[in-house]
Amino acid sequence: MEIRDDLHMEKHIFGSIFVLANKLQVVLDRELAKFDMTTKQWLMTAVIEEFFDSPPTLKEVSRVMGSSHQNVKQIALKLEKKGYLALEKDNNDKRVIRLRLTEKSYSFWSQREPDSDLFLRELFRDIKDEELVRMYRGIYKLSSKIEETE
């Protein structure tokens, strides 16, 4: 394959990532609206659950989400108001705010898990196992490269 072809594919992949992210957000926002939840709120709860063993700080969640401290705090305050998240001062440094998912959050998401699994299975239904593995590895490498540039 020529360098020109590679560059064309790289540009296509780069743009497609943004288009897919926007389309996924529209689909998820529409689905989550019936529960008074947004994609960003879902993402925050998922990040806290999957990436941390103990309640993370706002700064830590901001870094993983790739969002500003201020945006993450606004999302956290909305989740707190709905009862899905508790904002707690750190025991060692009272200036630091930690985010803890509540029982309401765990209960809510566990009830949604069968539907979420079905959605993902349907989304990836036509992708072969080898394609899935390649996609996973490619996204992992791309994520690592982006982290290097930060």
Side-chain angles (χ1 to χ4, degrees), residues 10-125 127-150:
E10 290 166 355
K11 287 178 179 180
H12 182 80
I13 291 167
F14 186 78
S16 294
I17 289 170
F18 291 101
V19 171
L20 288 170
N22 286 337
K23 288 182 177 185
L24 274 173
Q25 184 167 351
V26 167
V27 168
L28 285 175
D29 277 341
R30 185 175 53 231
E31 184 63 26
L32 292 170
K34 55 186 153 189
F35 305 110
D36 190 31
M37 183 75 59
T38 67
T39 301
K40 296 286 187 185
Q41 291 167 352
W42 160 80
L43 178 60
M44 178 178 283
T45 62
V47 162
I48 292 169
E49 173 67 16
E50 295 298 320
F51 287 83
F52 300 99
D53 295 327
S54 60
T57 64
L58 276 169
K59 184 177 182 179
E60 291 168 332
V61 173
S62 298
R63 183 179 38 78
V64 173
M65 287 180 66
S67 200
S68 72
H69 182 277
Q70 186 176 359
N71 286 345
V72 168
K73 187 170 184 180
Q74 290 305 310
I75 296 167
L77 289 170
K78 289 176 183 169
L79 284 170
E80 181 184 45
K81 188 175 183 179
K82 296 176 186 181
Y84 293 108
L85 190 68
L87 278 69
E88 303 171 338
K89 295 209 182 267
D90 184 86
N91 290 334
N92 299 323
D93 185 346
K94 299 300 180 193
R95 298 169 297 174
V96 174
I97 297 174
R98 296 201 170 268
L99 307 177
R100 183 180 51 78
L101 297 176
T102 63
E103 271 309 309
K104 179 179 179 177
S105 181
Y106 288 114
S107 175
F108 176 79
W109 292 114
S110 69
Q111 290 172 12
R112 306 271 111 35
E113 192 168 7
D115 291 335
S116 297
D117 291 349
L118 183 64
F119 172 79
L120 285 174
R121 287 283 174 219
E122 183 58 28
L123 188 64
F124 288 93
R125 180 172 41 117
I127 297 174
K128 296 175 186 166
D129 289 346
E130 63 194 44
E131 292 171 323
L132 188 64
V133 169
R134 284 186 189 136
M135 200 182 288
Y136 177 82
R137 288 179 180 156
I139 289 172
Y140 181 82
K141 286 180 179 181
L142 189 57
S143 295
S144 295
K145 192 64 171 178
I146 290 169
E147 283 184 28
E148 282 179 25
T149 64
E150 289 180 318

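Of all heavy-atom pairs spanning Ala86 and Thr102, the tightest one is N-CG2, 3.9 Å. The shortest non-hydrogen separation linking Ala76 to Leu99 is CB-CD2, 4.1 Å. Residues Lys59 and His69 come closest through the heavy atom pair N-CD2, 4.2 Å. Closest heavy-atom contact between Leu24 and Phe119: CD2-CZ, 4.5 Å.
Judged as a ring-ring contact (aromatic ring centres under 6.0 Å, His included), and not counting sequence neighbours, Tyr140 has no contacts. Residues that satisfy the salt bridge (charged side-chain N to carboxylate O under 4.0 Å, His left out) test with Asp36, not counting sequence neighbours, are Lys82. Looking at residues two or more places apart in sequence or on another chain, you find a ring-ring contact (aromatic ring centres under 6.0 Å, His included) between Phe108 and Phe35, Tyr84.
With values rounded to the nearest 0.5 angstrom, Ile48 atom CD1 is found 10.5 Å from Glu60 atom CD. To the nearest 0.5 angstrom, Arg98 atom CZ is 13.0 Å from Leu85 atom CG. Leu58 CG to Leu87 CG: the interatomic distance, rounded to the nearest 0.5 Å, is 6.0 Å. How far OG1 of Thr57 is from CZ of Phe52: 7.0 Å, rounded to the nearest 0.5 Å. Between atom NZ of residue Lys40 and atom NZ of residue Lys78 there is a gap of 12.0 Å, rounded to the nearest 0.5 Å. Rounded to the nearest 0.5 angstrom, Leu43 CG and Thr39 OG1 are separated by 8.5 Å.
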Item to complete: Kindly indicate, with the supporting measurements, whether the criterion side chain to side chain contact (heavy atoms under 4.5 Å, CB included) is fulfilled by Ser16 and His12.
Response: CA-CA 6 Å; Ser16 294; His12 182 80; 3.5 Å; yes

Fill in: Trace of the side chain to side chain contact (heavy atoms under 4.5 Å, CB included) decision for Phe124 with Met135
CA-CA 11 Å; Phe124 288 93; Met135 200 182 288; 4.3 Å; yes

Worksheet item: So Val27 and Glu31, side chain to side chain contact (heavy atoms under 4.5 Å, CB included) or not? Walk me through it.
Response: CA-CA 6 Å; Val27 168; Glu31 184 63 26; 5.5 Å; no

Item to complete: Let me see the working for Leu79 and Met37 under side chain to side chain contact (heavy atoms under 4.5 Å, CB included), right down to the final yes or no.
Response: CA-CA 9 Å; Leu79 284 170; Met37 183 75 59; 4.0 Å; yes

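Leu142 is listed as a side-chain neighbour of Ile17, based on a closest heavy-atom distance under 4.5 Å. At least one side-chain heavy atom of Glu80 sits under 4.5 Å from a side-chain heavy atom of Leu77.
No donor-acceptor distance shorter than 3.5 angstrom exists from the side chain of Arg100 to the backbone of Pro55, with no hydrogens or angles considered. With Ser110 contributing its side chain and Tyr106 its backbone, the two residues share a donor-acceptor pair below 3.5 Å. Remark: side-chain polar atoms of Ser62 are not paired, donor with acceptor, to backbone N or O of Val72 under 3.5 angstrom.
Around the NZ atom of Lys94, the shell of radius 6.0 Å holds more than 12 heavy atoms that belong to other residues, nucleotides or ligands. Heavy atoms of other residues, nucleotides or ligands lying less than 6.0 angstrom from CD of Glu103 number 12 at most.
For the side chain to side chain contact (heavy atoms under 4.5 Å, CB included) test with Asp93, the passing option among Ile97, Val96, Asn91 is Val96; the others fail.
By the 4.0 Å N-to-carboxylate-O rule, Glu148 lies close enough to Lys145 to be salt-bridged with it. Between Arg125 and Glu122 there is a salt bridge, with a side-chain nitrogen of the basic residue lying less than 4.0 Å from a carboxylate oxygen of the acidic one.
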